[in-house]
Undergrad: 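I'd like to ask some things about the structure below.
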Amino acid sequence: AVIVKTTTTGAKTTPITLYPRRLTIIRSVTAAAGAATTITLDASASTVDDYYLGWWIICTNDTPSNVLGQARKIIDYVGSTKVATVEAAWGTNPSSSTTIDMCVERRLVVV
């Protein structure tokens, strides 16, 4: 829980409760390259278009500097090039030295 306070006269303190989601790590690999809104996956990544739609990429090392901890959702994937387009631009672009976890949300499927 977080409490936001202000010194503004008459403002009310606002409590906020966060409910983090647990993501299941499916792949842990080293990226082949990165750019402002894309990341090129490793050679063993799927060749099927849109295979990774909705998956999350989390940078797990600090190479290049300041890339550690960045997370982005995949919104497009081209299997022939292994390039994933992410939802928002990276703060620091990943590189061929960036290690990543590829994760999906756990979901209950009712059949």
Side-chain angles (χ1 to χ4, degrees):
V2 176
I3 295 179
V4 179
K5 293 183 177 186
T6 180
T7 57
T8 304
T9 305
K12 298 186 186 246
T13 300
T14 306
I16 301 170
T17 303
L18 304 175
Y19 298 97
R21 294 181 287 178
R22 173 149 329 251
L23 300 177
T24 303
I25 299 170
I26 304 296
R27 303 182 77 231
S28 292
V29 296
T30 300
T37 58
T38 63
I39 188 166
T40 304
L41 303 182
D42 60 297
S44 65
S46 175
T47 57
V48 177
D49 286 346
D50 295 332
Y51 185 84
Y52 298 111
L53 281 186
W55 288 40
W56 288 83
I57 293 177
I58 302 168
C59 299
T60 57
N61 71 349
D62 206 25
T63 307
S65 188
N66 298 318
V67 78
L68 177 66
Q70 292 187 107
R72 298 290 185 276
K73 188 175 188 176
I74 297 174
I75 59 170
D76 189 38
Y77 179 71
V78 179
S80 61
T81 59
K82 301 183 188 305
V83 173
T85 301
V86 294
E87 199 168 39
W90 300 102
T92 299
N93 295 349
S95 74
S96 59
S97 300
T98 305
T99 57
I100 59 172
D101 282 346
M102 297 183 67
C103 309
V104 293
E105 295 179 53
R106 292 182 188 177
R107 295 181 189 225
L108 175 63
V109 178
V110 178
V111 248

Undergrad: Is there side-chain contact between T81 and T40, with heavy atoms separated by less than 4.5 Å?
TA: no
Undergrad: About how many Å separate CG of L53 and CG of D76, when rounded to the nearest 0.5 Å?
TA: 6.5 Å
Undergrad: List the residues meeting side chain to side chain contact (heavy atoms under 4.5 Å, CB included) with A36, not counting sequence neighbours, and say none if there are none.
TA: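 Side chain to side chain contact (heavy atoms under 4.5 Å, CB included) check on A36 returns N93.
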Undergrad: Do any pairs count as a salt bridge (charged side-chain N to carboxylate O under 4.0 Å, His left out) and have a residue in residues 53-65, sequence neighbours left out, and if so which ones?
TA: none
Undergrad: For the CD1 atom of I39 and the CD atom of Q70, what is their distance to the nearest 0.5 Å?
TA: 9.5 Å
Undergrad: Donor-acceptor check, side chain of R72 to backbone of I58, threshold 3.5 angstrom: yes or no?
TA: no
Undergrad: What pairs meet the salt bridge (charged side-chain N to carboxylate O under 4.0 Å, His left out) rule with one or both residues in residues 31-54, with sequence neighbours excluded?
TA: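 For residues 31-54, and leaving out neighbouring residues, the salt bridge (charged side-chain N to carboxylate O under 4.0 Å, His left out) pairs sorted by first residue read R27-D42.
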Undergrad: Determine the minimum heavy-atom distance between I74 and I57, stating which atoms define it.
TA: CD1-CD1, 3.7 Å
Undergrad: Strictly by side-chain hydrogen bond (donor to acceptor under 3.5 Å, both in side chains), give each pair with a member in residues 82-92 just once, sequence neighbours left out.
TA: none
Undergrad: With sequence neighbours excluded, give me every ring pair (Phe, Tyr, Trp, His ring centres under 6.0 Å) pair touching residues 59-89.
TA: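 Qualifying pairs: Y52-Y77.
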Undergrad: List the residues meeting side chain to side chain contact (heavy atoms under 4.5 Å, CB included) with S96, not counting sequence neighbours, and say none if there are none.
TA: none
Undergrad: In Å, rounded to the nearest 0.5 Å, how long is the span from OG of S97 to CG of N61?
TA: 7.5 Å
Undergrad: Pair T60, D101 - check side chain to side chain donor-acceptor pair (under 3.5 Å), show working.
TA: CA-CA 7 Å; T60 57; D101 282 346; 4.6 Å; no
Undergrad: Which heavy atom of P64 sits nearest a heavy atom of S95, and at what distance?
TA: CD-OG, 3.5 Å
Undergrad: Got a donor-acceptor contact below 3.5 angstrom from the T98 side chain to the T63 backbone?
TA: yes
Undergrad: What heavy-atom pair brings P94 and V67 nearest, and what distance separates the two atoms?
TA: CA-CG2, 4.0 Å
